[in-house]
J.: 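Can you keep this structure in mind? I'll have questions shortly.
For clarity, every value in this text was computed on a predicted model and none was experimentally measured. Reckoned from all heavy atoms, side chains included, excluding hydrogens, waters and symmetry mates.
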Amino acid sequence: MMNVSRPAIHPVDVLPMAPTTGAIDRPQVRMKDVQGMPGTTGGLILRLSQFIPALISVSVMVTTSDFRSATAFCCLVLAVSLQSLWSLSLFIVDAYALLVRRSLRNQYAVQCFTIGDGVTSTLTFAAASASAGITVLINDLGQCNVNHCTRFETATAMAFISWFAVSPSFILNFWSLATH
């Protein structure tokens, strides 16, 4: 025989219904900030690790004299420039939030961070992939002595590193937005 509790044997008290109007007296439960989310030290480190490779990538590409020879390289310069500006601006926002001890768990702010991270990471990945393809093509055609293949490879690798660093930010922001 199963050991099941029945109301006739063990009466259950009915909990009073919470009032539908008026304020609730109990404090609201707030989720703990996960490191890597906006306004945390981990988020600040992630933004810095996005900004530095993107800045290196755009610097290396712009100092190369013939980066305009392929559209993919121009697209890479544009994408990593946007990525570096986005990461720098959110680095400043995270630093300010940490200094004044404010939380960036506002739904609209997280939504803006998520959309921005999604757009910039997609553009950076697409431009880095196209640049990697063109770099391999130039290398296979044996034109590396004419072109600056090592500079193109360095800029492309830095763009991929920046994309790898922006992915956790996007995932954490998206997760925070989905659970909000």
J.: Enumerate the residue pairs fulfilling side chain to side chain donor-acceptor pair (under 3.5 Å) with a member in residues 72-94, sequence neighbours excluded, ordered by first and then second residue.
T.: Q50-S87, Q83-S87, Q83-T120, Q83-T124, W86-D117
J.: Measure across V166 and S121 and return the closest heavy-atom pair with its distance rounded to 0.1 Å.
T.: CG1-CB, 3.2 Å
J.: Atom CZ of F152 and atom CG of N139: how far apart are they, to the nearest 0.5 Å?
T.: 11.5 Å
J.: With sequence neighbours excluded, tell me which residues meet ring-ring contact (aromatic ring centres under 6.0 Å, His included) with F113.
T.: none
J.: Looking at S49 and L46, would you say the former's side chain and the latter's main chain have a donor-acceptor pair under 3.5 Å?
T.: yes
J.: State, to 0.1 Å, how close F164 and P168 come at their nearest heavy-atom pair, and which atoms those are.
T.: O-CD, 3.0 Å
J.: For A72 and S131, work out which heavy atoms get closest and say how close.
T.: O-OG, 3.2 Å
J.: List for me each residue that meets side-chain contact (heavy atoms from CB on, under 4.5 Å) alongside T114, sequence neighbours excluded, and say none if there are none.
T.: V110, F170, N173, F174, L177
J.: Do W163 and I134 belong to the same hydrophobic cluster, where Ile, Leu, Val, Met, Phe, Trp and Tyr are linked whenever their side-chain heavy atoms lie under 4.5 Å apart, directly or via other members?
T.: no
J.: With sequence neighbours left out, which residue pairs that include part of residues 126-140 fulfil the salt bridge (charged side-chain N to carboxylate O under 4.0 Å, His left out) condition?
T.: none
J.: Decide whether I161 and L44 are clustered together by the hydrophobic rule: side chain heavy atoms of Ile, Leu, Val, Met, Phe, Trp, Tyr closer than 4.5 Å, transitively.
T.: yes
J.: Among residues two or more places apart or on two chains, list those pairs meeting salt bridge (charged side-chain N to carboxylate O under 4.0 Å, His left out) that have a residue in residues 80-91.
T.: none
J.: With sequence neighbours left out, which residue pairs that include part of residues 156-172 fulfil the salt bridge (charged side-chain N to carboxylate O under 4.0 Å, His left out) condition?
T.: none
J.: So does L172 get a backbone contact from the side chain of S176, meaning a donor-acceptor N/O pair under 3.5 Å?
T.: no
J.: Measuring from T64:OG1 to H148:NE2, what's the distance to the nearest 0.5 Å?
T.: 6.0 Å
J.: I'd like to check the side-chain contact (heavy atoms from CB on, under 4.5 Å) partners of I45; sequence neighbours left out, ordered by chain and number.
T.: T41
J.: Run the side-chain contact (heavy atoms from CB on, under 4.5 Å) test against I115 and tell me which residues pass, sequence neighbours left out.
T.: Q111, V119
J.: Can you list the residues that meet the ring-ring contact (aromatic ring centres under 6.0 Å, His included) rule with F51, with sequence neighbours excluded?
T.: none
J.: Let me check something: do I138 and V77 share a hydrophobic cluster, defined by ILVMFWY side-chain heavy atoms less than 4.5 Å apart, either directly or through other members?
T.: yes
J.: Hey, mind stepping through V80 and M61 against side-chain contact (heavy atoms from CB on, under 4.5 Å) and telling me if it holds?
T.: CA-CA 10 Å; V80 245; M61 204 52 120; over 6 Å; no
J.: Determine yes or no for a side-chain-to-main-chain donor-acceptor pair under 3.5 angstrom, with S162 supplying the side chain and M158 the backbone.
T.: no
J.: Taking ILVMFWY side chains as joined if any heavy atoms are under 4.5 angstrom apart, and letting links pass through other members, which residues group with V136?
T.: none
J.: If you link ILVMFWY side chains whenever their heavy atoms are less than 4.5 Å apart, which other residues fall into the same cluster as L78? By chain and number, please.
T.: none
J.: Do I52 and V60 belong together in a cluster built from hydrophobic side chains that touch within less than 4.5 Å?
T.: yes
J.: Taking the side chain as everything from C-beta on, heavy atoms only, tell me whether R47 gets closer than 4.5 Å to V93.
T.: no
J.: Any chance you could measure L88, atom CG, to L48, atom CG, to the nearest 0.5 Å?
T.: 9.5 Å
J.: Treat each ILVMFWY residue as a node, draw an edge where side-chain heavy atoms are under 4.5 Å apart, and state whether L90 and L123 are in one component.
T.: no
J.: List for me each residue that meets side-chain contact (heavy atoms from CB on, under 4.5 Å) alongside S129, sequence neighbours excluded, and say none if there are none.
T.: F125, F160
